[in-house]
Amino acid sequence: MNKVLQPINQTKILHIDSNHPLLWEQLEVAGFQNFEDFKSSKKEIEEKIHDYHGIVIRSRFKINKEFLDKAVNLQFIARVGAGLESIDCEYAEAKGIHLIAAPEGNRNAVGEQALGMLLSLFNNLNKADKEVRSGHWNRESNRGHELDGKTVGIIGYGNMGKSFAKKLRGFDVEVLCYDILNDVGDENACQVSLAEFQQKVDVVSLHTPWTPETDKMINTDFINAFSKPFWFVNTARGNSVVTADLVKALKTKKILGAGLDVLEYEKLSFEHLFEGEKPAAFEYLLQADNVLLTPHIAGWTVESKVKLAQTIVDKIVLVYA
């Protein structure tokens, strides 16, 4: 189902989240009509969404069937981010709504963060820094590991996985990738079966979107299928990991260390964790010396904010070309 698009100068776009100003400015120059509402509730926006032809959003709330049924004139939804899991994509596409995301905009940032987390884990950088600041000069207990000669495994070989593999080219490592799609390997990573992947890797870096198939994918059974203890990095989605199972593996040293930019406890907006008592598994992560935690910032750089906005502008304009 394809909708007849409005002329650009009659197309009204509602910006539901704030973004880099170039997004607004360039859409305006292109002739679109921009409107903003960063404060109204989802229900309040639903009451007026019929007036708009496009939405620009980050992660403020879910766009579900009820919302889409009220958005009778909607022609596109643009999410300033890599994934579309907060949108009922199948229902939106059935209504002829164009879905736009911008994984190209922050893939470099994610690749760099994944590498940074891995190097920090291998060399105890955060632990050693904390100890020195506390007056302790512990050299032997902070003896690190080298990437040289290791096998790095990437699960999910799309924009983010490919970016991480490219960053690894300067290291003498073997890079393997596993993906549900065929023939995605390239000069930077050899695609293998899951069985071979679990047999060979020393490092697992997760770069999958959230889907029903990846939900709680990293669990005890999955972890124990690996032949060797391994380091784990997750810059993808927190819901893909069962944190309690990850903690069990850290305690038994099946997982040697973990770099976690995302957690299953995050709110949909990615702006907060949770309210009330902290889960026991999270308390363990907070205290563990071999765990590195960051607040969902892998794609959150000064440069990626610009790139994300520019990518969204370019794709919106292309829809109306």
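Bear in mind the structure is a predicted one, so any value in this text is a computation, not a measurement.
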Legend entry - Presence of salt bridge, K42 and E47, under 4.0 angstrom: no
Legend entry - Which atom of I154 lies closest to which atom of G161, heavy atoms considered: CD1-O, 3.6 Å
Inset, instruction - Indicate if V313 and W24 have the same hydrophobic cluster label, given that clusters are the connected sets of ILVMFWY residues with side-chain heavy-atom separations under 4.5 angstrom. - result: no
Legend entry - Ion pair check, D37 and K48, cut-off under 4.0 Å: yes
Inset, instruction - Using a strict cut-off of less than 4.0 Å between a Lys/Arg side-chain nitrogen and an Asp/Glu carboxylate oxygen, indicate whether D215 and R237 qualify as a salt bridge. - result: no
Inset, instruction - May I ask you to check whether H207 and F164 place their ring centers less than 6.0 Å from one another? - result: yes
Inset, instruction - Would you please indicate if the ring centroids of F32 and Y320 are separated by under 6.0 Å? - result: yes
Legend entry - Test item: N73 side-chain N/O and H50 main-chain N/O as donor-acceptor pair under 3.5 Å: yes
Inset, instruction - Considering only Ile, Leu, Val, Met, Phe, Trp and Tyr, and joining two whenever side-chain heavy atoms are under 4.5 Å apart, list the other residues clustered with V132. - result: W137
Legend entry - Residues K307 and E303 bridged, charged N to O under 4.0 Å: no
Legend entry - Test item: E196 side-chain N/O and S193 main-chain N/O as donor-acceptor pair under 3.5 Å: no
Inset, instruction - Looking only at non-hydrogen atoms, find the nearest pair between W231 and H145 and report the distance. - result: CZ2-CD2, 3.7 Å
Inset, instruction - Without swapping roles, check the side chain of N9 against the backbone of G31 for a donor-acceptor pair under 3.5 Å. - result: no
Legend entry - For the student: nearest non-hydrogen atoms of T235 and M117, plus distance: CG2-SD, 4.2 Å
Legend entry - Main-chain N/O of V184 paired to K162 side chain as donor or acceptor, under 3.5 Å: yes
Inset, instruction - If the plane angle is over 60° it's perpendicular, under 30° parallel, otherwise tilted; pick one for F230 and F226. - result: tilted
Legend entry - Check against side chain to side chain contact (heavy atoms under 4.5 Å, CB included), D172 and K150: CA-CA 8 Å; D172 289 323; K150 302 292 192 301; over 6 Å; no
Inset, instruction - Could you list who else is in V110's hydrophobic cluster, with ILVMFWY side chains joined at under 4.5 Å, directly or through other members? - result: M160
Legend entry - Any donor-acceptor N/O pair, R107 side chain to G111 backbone, under 3.5 Å: no
Inset, instruction - Look at the aromatic rings of F67 and F61 and report parallel, tilted or perpendicular, splitting at 30° and 60°. - result: tilted
Legend entry - Side-chain donor or acceptor of D245 paired with backbone N/O of T220 under 3.5 Å: yes
Inset, instruction - Classify the side-chain pair S163/N108 by whether it contains a donor and acceptor separated by less than 3.5 Å. - result: no
Inset, instruction - Could you tell me whether the side chain of N19 and the main chain of D17 form a donor-acceptor pair under 3.5 Å? - result: yes
